[in-house]
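Below is one structure; the comments refer to it alone.
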Amino acid sequence: MTATAEARDLATAAARAAADKKATDVVLLDVSERLVITDVFVIASAPNERQIGAIVDNIEEKLRIAGHKPVRREGAREGRWVLLDYVDVVVHVQHTEERAFYGLERLWKDCPHIEVTGLEPQPEDDEGADGDQGTDAP
C-alpha cells in the first residue's frame, strides 16, 4: 500500500509552502506501509525559531486555502520543532540542530521518498550505506 493521491497532493502543497519561506532540506517520506495512522511525513528545516514560525504559518495558510486544517499542532510555543497533523500527512518543521539530533530520515530510511517537481533534489546517500549517519565525511 502506498500513500493516497490526496495525501501526496497535500504533502506536496505543504512542501511547496515550506520552500516558499526558504525551508531547507525539504523531504517527503511515504510512511504508509510502516504506519497506519498517517501516509506521508513532510520534514523541513530552518536555522532559527523565527523562520520556523514563518514556515509553519505559511504551510497552515496555504493548506487552509486548499480546505485543510490541522487536527493537531504541537511545539509552536518553543518554536524549535513544530508538528502539524493533517491526519494523512504529518508536517515536521525542525530547527536544524533538532533535525540533526533526532534524525527522522534515519529512523524512516526504509520508506520511499516522494519527489516534488521544483524543489531542489535531496542527496540519496543512505542507499546501501548501513550505519551512515548522513554526514558529509568520506
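Not measured: the values here are computed from a predicted model.
With a 4.5 Å cut-off on side-chain heavy atoms, T117 and R16 count as touching. Contact annotation: the side chain of R99 approaches that of V27 to within less than 4.5 Å [non-hydrogen atoms, C-beta and beyond]. Looking at H92 and V42, their side chains never come closer than 4.5 Å, going by heavy atoms from C-beta outward. Side-chain contact between L104 and W81 is present, with heavy atoms from C-beta onward closer than 4.5 Å. The shortest distance between side-chain heavy atoms of D20 and K62 falls below 4.5 Å.
V82 and A76 get closest at one heavy-atom pair: CG2-CA, 3.9 Å. The nearest pair of heavy atoms linking L119 to A15 is CD1-CB, 3.8 Å. Nearest heavy atoms, A3 versus S32: N-OG, 3.1 Å. Closest non-hydrogen pair, Q94 versus Y102, comes out as NE2-CB, 4.5 Å. Listed here is the closest heavy atom pair of I59 and A14: CG1-O, 3.7 Å. For the pair E60 and P70, the tightest heavy-atom approach, listed with the atom from each and the gap, is OE2-CG, 3.5 Å.
Atom NE2 of H68 and atom CG of L84 lie 13.5 Å apart (nearest 0.5 Å). Atom OG1 of T96 sits about 8.0 Å away from atom CD of Q51, to the nearest 0.5 Å. Here NE2 of H113 is found 9.5 Å from CG of L28. Values are rounded to the nearest 0.5 Å. With rounding to the nearest 0.5 Å, the separation of OG1 in T38 from CG in L29 is 11.0 Å. Between the CD1 atom of I37 and the CG atom of D88 there is a distance of 11.0 Å, given to the nearest 0.5 Å. Rounding to the nearest 0.5 angstrom, the gap separating the CD1 atom in I55 from the OG1 atom in T24 is 7.0 Å.
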Could you go through D30 and R8, starting from their C-alpha distance and side-chain angles, then the distance that decides it, and tell me whether this counts as side-chain contact (heavy atoms from CB on, under 4.5 Å)?
CA-CA 8 Å; D30 182 341; R8 294 171 73 91; 4.1 Å; yes
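Looking at residues two or more places apart in sequence or on another chain, you find no side-chain hydrogen bond (donor to acceptor under 3.5 Å, both in side chains) involving E6. Residues meeting the salt bridge (Lys or Arg N to Asp or Glu O under 4.0 Å) test with E74, sequence neighbours left out: R72. For W108, there are no side-chain hydrogen bond (donor to acceptor under 3.5 Å, both in side chains) partners at least two apart in sequence or on another chain. Contacts of E49 classified as side-chain hydrogen bond (donor to acceptor under 3.5 Å, both in side chains), with partners at least two apart in sequence or in another chain: R80.
Residue L10 is not grouped with residue I65 when hydrophobic side chains (ILVMFWY) are merged at heavy-atom distances under 4.5 angstrom, including chains of intermediate members.
V87 forms part of a hydrophobic cluster together with V71, judged by ILVMFWY side-chain heavy-atom separations under 4.5 Å.
Pairs of residues two or more places apart, or lying in two chains, that qualify as salt bridge (Lys or Arg N to Asp or Glu O under 4.0 Å) and include a residue from residues 50-59 are D57-R73.
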